[in-house]
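Worksheet: the structure to be examined is printed underneath.
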Amino acid sequence: MTIDVAVVGGRFGGEFLPLYRSHPDVGRVALCDIDKDTLHTVADRYGVRDRFDSLEALLASDGFDAVHVASPVRFHVDQSVAVLESGRHCASAVPMATTLDGIRRVLAAQRSSRRTYMMMETMVFGRDFFHVRDLYERGDLGALTFLRGAHIQNLDGFPRYWYGYPPMTYSTHALSPLLALAGARVRTAVGLGSGRLTPDRRGDFDNPFPVETALFQLDKGDLAAEVTVSFFQTGRTYYEGFSVYGHEAGVEWPQLNEEDGLQVFRLEPLGGADGTGARGRSASATTVHPPDRPDLLPPELAPFVRPTTYDPSDGARAVRLGSAHGGSHPHLVHEFVTSIVESRAPVVDALTAADWTAPGICGHESALRNGERVDVPDFVAEQEVRA
């Protein structure tokens with residue numbers, strides 16, 4: 001079985017075109033973009049023949065089984081709902097939505113259409129996450145004690161629709177690996193804003209903060225997670241990372257560039273007893289460079305976990321490609337495609353996406369209320385009530 005896939009949004013979405021074209025279970029690949037220059041430039045670069053200048057035109061066509069929404073955040077809900085209601089499978093860039101109502105709209109569309117929905121969260125498909133997950137599943141970390149994530153990025157000079165964007169509502173890159181490792185969802189959020197956006201950065205949002213931090217109480221193991229997200233006025237190089245601490249070991253991501261590696265701290269017994277008569281322990285630190293995981297991919301996609309050259313073999317010149325987000329993109333594509341082909345839920349299905357997106361929305365609401373605790377909806381329970 002093969003499926004035909006269309007990508008919406010040529011700028012970020014263009015990075016996925018070579019992956020879909022290379023996947024052994026994908027037939028035709030199309031690109032959709034409302035900017036005709038972007039549409040044709042990107043499609044020509046990657047040898048894509050099928051082109052649409054609007055989502056409406058794409059959905060009105062008879063072809064294409066699945067659509068990957070890679071457009072700006074403000075379009076994710078409406079476009080995801082439209083794709084699902086057209087009877088097609090849908091992948092969406094993060095976040096799923098920026099409001100709880102938006103999340104519920106996507107959940108309702110997925111439920112009624114019975115089509116696959118996957119949020120394309122890069123952080124749980126990168127080499128660093130795979131390595132930490134393996135450490136935890138082997139028991140090397142012991143029981144989890146505390147979780148921390150951060151996403152710091154300077155959006156000065158980005159398109160104006162980013163200005164004033166509430167940072168915590170884009171927290172999935174920092175929060176999702178923590179929830180995935182713990183196998184937990186967030187029950188409550190307590191958020192605080194820090195600093196004040198300058199007037200020229202306020203944009204059209206209700207958000208006054210360049211930085212937001214939230215504490216999330218999880219529903220498993222008495223665990224808490226701390227997450228910080230900043231998009232403006234914070235002097236730090238780009239950072240997306242997470243730290244995980246357990247009874248036996250901890251892992252931190254002290255990232256300045258992608259090759260820095262992870263810091264792994266292990267508690268080792270000391271030679272004698274401490275002053276209380278109990279054996280003491282001391283932590284040792286090791287730098288680890290997580291391996292790639294081509295074994296999780298078909299051979300056609302394995303080269304894309306690192307920078308490589310892609311030959312469209314369709315009259316277009318060969319293109320040099322990067323491997324952003326920890327080499328996660330081929331893993332994302334493979335998971336989305338195979339979940340459809342195998343008629344199973346993807347790893348980040350609609351309910352999981354909701355559970356990873358809603359805490360940030362509630363954390364931002366808490367920050368606007370000066371740290372008032374906000375309950376995070378239990379979407380599984382909501383669906384059971386509807387049933």
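We use all heavy atoms of the structure for the numbers below, so side chains are in, but hydrogens, waters and symmetry mates are not.
Listed by chain and number, the hydrophobic cluster partners of Val67 are Val8, Phe52, Leu55, Leu58, Leu59, Phe64, Val69, Val83, where partners are ILVMFWY side chains within reach of under 4.5 Å, directly or through others.
Using modelled atom types and a 3.5 Å distance limit, the side chains of His364 and Glu212 yield a donor-acceptor pair. Using a 3.5 Å distance cut-off with no hydrogens or angles, the side chains of Arg88 and Ser86 do pair a donor with an acceptor.
The ring pair (Phe, Tyr, Trp, His ring centres under 6.0 Å) test with Phe231 singles out one residue from Tyr170, Tyr238, Phe209, and that residue is Tyr170. With His173 as reference, Glu121 is the one residue of Gln153, His325, His151, Glu121 to meet the side chain to side chain donor-acceptor pair (under 3.5 Å) rule.
Note on Phe146 and Leu181: separate hydrophobic clusters, where clusters join Ile, Leu, Val, Met, Phe, Trp and Tyr whose side-chain heavy atoms are under 4.5 Å apart, directly or indirectly. Residue Leu215 is not grouped with residue Phe242 when hydrophobic side chains (ILVMFWY) are merged at heavy-atom distances under 4.5 angstrom, including chains of intermediate members. Linking ILVMFWY residues whenever their side-chain heavy atoms come closer than 4.5 Å, directly or via other members, leaves Tyr245 and Leu218 in distinct clusters.
Relative to the ring axis of Phe379, Arg104 does not place its NZ or CZ within 45° and under 6.0 Å from the centre. In this structure, Arg160 is positioned above the aromatic face of Tyr163, its NZ or CZ under 6.0 Å from the six-membered ring centre and within 45° of the axis.
Taken from CG in Asp33 to CG in Asp53, the straight-line distance is 9.5 Å, to the nearest 0.5 Å.
By the salt bridge (Lys or Arg N to Asp or Glu O under 4.0 Å) test, Arg344 pairs with Glu335, Glu342, sequence neighbours left out.
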